[in-house]
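When a residue number appears, it is its place in the shown sequence, counting from 1. Just so we're clear, the structure is a prediction, and the values are computed from it rather than from any experiment.
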Amino acid sequence: MKKITISILFIFLTSCSSIIKEQNATPRVSNPKLNSQVQTLANEVNVLKQNLAAHEEMLRLQIIFNDNRASSLDLHRLGNLYLFKGWYDQAEWVFKKLLLQNNEKVRALNGLGVLFFRKGNMPEALNYFSKALNADSNDVDTLNNMSIWHFKNGNPDTAKEFLSKVFKINPNHPEANANMGSIHHKAKNFKKAVVYLTKALEINNKPLGPRIMLAESYEGLKELTKAEKEYRFILAMDSGNVMASQALTRLQEKKKLDSKVG
């Protein structure tokens, strides 16, 4: 079971807990035979099914917890589900309960750090991430979370230092590669952004956040054919993705303009 991490793929996306990753692992596939209105409805139904599955799992975990049958992994998953639902008081209670168990200190501290990060309490988030780092200075998820905290708080150089430490331990950490790509993308260093984002997607090609930034980076490099390919891939995964749809329209208009000029 992976520790809780957060993501800076888009600054407003601050949680990559295991439950959210699992839900993103089932893409919404577009059926070309359906018109856009029906496809949108199908996507909404799929989201409702995912939410229902998460709710059912949460109820199951609550039952075994009340019966004193919950393992540390059960507690961790329950805390993640509470985070996903935005039930921060319940999540905090579960992670503090987890903190009392043997060999769960780092994971619990990261969970609390993510919780306060999502609540916007940056000093408290840093406090918990720092405690997790003191407990295990080589924990890659903690290092990744520290990088995200610093990037969010205007310290990109410090963020890159933490990510460099992650790469020394695990160069194939998908979130760290995506987050380094995000830093370079925001700085408009598109060549480096492409390198890290491509690697992140080679490790895990399911998340749409890195792929959107990869498409935008190709567009920034004026490699429009590659950008268009990525935007179309995104729409195949999520037919209702407004950002990709608008980008494709923009690229097509640019092609028409370039052909007239040519």
Side-chain angles (χ1 to χ4, degrees), residues 1-25 47 50-51 53-55 57-58 61-62 65 72-99 104-133 135 139-156 158-159 162-163 166 173-176 178-183 185-186 200 204 206-210 212-213 243:
M1 194 71 172
K2 296 188 73 174
K3 300 180 182 69
I4 286 185
T5 57
I6 48 183
S7 172
I8 51 176
L9 298 177
F10 295 105
I11 298 306
F12 49 84
L13 295 180
T14 57
S15 177
C16 272
S17 66
S18 59
I19 180 61
I20 295 174
K21 287 182 182 176
E22 288 166 9
Q23 294 199 353
N24 284 340
V47 170
Q50 291 175 343
N51 288 336
H55 186 68
E57 175 67 358
M58 186 167 61
L61 290 168
Q62 287 173 329
F65 175 77
S72 59
L73 288 179
D74 290 330
L75 284 174
H76 177 61
R77 185 169 176 78
L78 183 59
N80 285 350
L81 284 163
Y82 283 146
L83 270 181
F84 172 69
K85 297 287 286 185
W87 297 356
Y88 297 137
D89 291 342
Q90 293 90 329
E92 182 176 0
W93 187 87
V94 170
F95 287 129
K96 286 185 175 179
K97 183 83 172 177
L98 190 64
L99 191 59
E104 294 297 331
K105 183 175 182 179
V106 173
R107 186 156 58 182
L109 289 169
N110 270 301
L112 289 164
V114 172
L115 187 155
F116 284 102
F117 188 98
R118 291 188 65 178
K119 289 175 70 173
N121 188 336
M122 293 300 158
E124 196 66 7
L126 180 61
N127 175 46
Y128 281 112
F129 290 148
S130 298
K131 286 181 178 179
L133 195 62
D139 182 77
V140 291
D141 292 318
T142 306
L143 291 167
N144 186 56
N145 286 340
M146 286 291 284
S147 76
I148 294 164
W149 189 95
H150 281 283
F151 185 62
K152 173 70 174 179
N153 287 276
N155 307 316
T158 305
F162 277 107
L163 290 175
V166 174
H173 192 282
E175 290 85 4
N179 289 334
M180 184 68 90
S182 177
I183 292 172
H185 177 270
K186 186 173 183 182
N204 179 8
K206 296 294 182 9
L208 294 184
I212 288 173
M213 281 192 297
M243 190 176 297

Worksheet item: What's the shortest heavy-atom distance between Gly113 and Ala125, and which atoms?
Response: O-CB, 3.5 Å
Worksheet item: Okay, side chain of Ser130, backbone of Leu126: is any donor-acceptor separation there less than 3.5 Å?
Response: yes
Worksheet item: Can you tell if the side chain of Ser147 reaches within under 4.5 Å of the side chain of Asn144, non-hydrogen atoms only?
Response: yes
Worksheet item: Looking only at heavy atoms, which two atoms of Met243 and Ile212 are closest? And how far apart?
Response: SD-CG2, 3.4 Å
Worksheet, complete the sentence: Heavy-atom closest pair (Leu143 atom, Leu133 atom, distance to 0.1 Å) is CD2-CD1, 3.6 Å
Worksheet item: Are the side chain of Asp139 and the backbone N or O of Thr142 linked by a donor-acceptor pair below 3.5 Å?
Response: yes
Worksheet item: Just by modelled atom types, is the Glu175 backbone N or O under 3.5 Å from a matching donor or acceptor in the Asn179 side chain?
Response: yes
Worksheet item: Out of curiosity, Tyr82 OH to Trp93 CH2, how far, rounded to the nearest 0.5 Å?
Response: 8.0 Å
Fill in: Under 3.5 Å: donor-acceptor pair, side chain of Asn110, backbone of Val106
yes
Worksheet item: So, do Lys152 and Phe117 sit near enough that their side-chain heavy atoms are less than 4.5 Å apart?
Response: yes
Practice prompt. Mark yes or no for whether Trp149, through its side chain, and Met122, through its backbone, hold a donor-acceptor pair below 3.5 Å.
Written response: yes
Practice prompt. Report yes if some heavy atom in the side chain of His173 is under 4.5 Å from a heavy atom in the side chain of Asp141; otherwise report no.
Written response: yes
Worksheet item: Which heavy atom in Tyr128 sits nearest to a heavy atom in Phe116, and how many Å separate them?
Response: CE1-CE1, 3.5 Å
Discussion item. Do Thr158 and Phe162 have side chains that approach each other closer than 4.5 Å (heavy atoms only, starting at C-beta)?
Written reply: yes
Worksheet item: Which atom pair, heavy atoms only, marks the closest approach of Ala178 to Met213?
Response: O-CE, 4.3 Å
Fill in: Side chain proximity check, Leu109 to Phe129, heavy atoms < 4.5 angstrom
no
Item to complete: Could you tell me the separation between the CG atom of Leu99 and the CD atom of Glu104, rounded to the nearest 0.5 Å?
Response: 10.0 Å
Worksheet entry | Interatomic distance, Asn121 atom CG to Leu115 atom CG [nearest 0.5 angstrom] | 9.5 Å
Discussion item. Just so I know, are the side chains of Lys131 and Asn127 near enough to count as touching, which here means a heavy-atom distance under 4.5 Å?
Written reply: yes
Worksheet, complete the sentence: Nearest heavy-atom approach of Leu83 to Gly111 is CD1-O, 4.4 Å
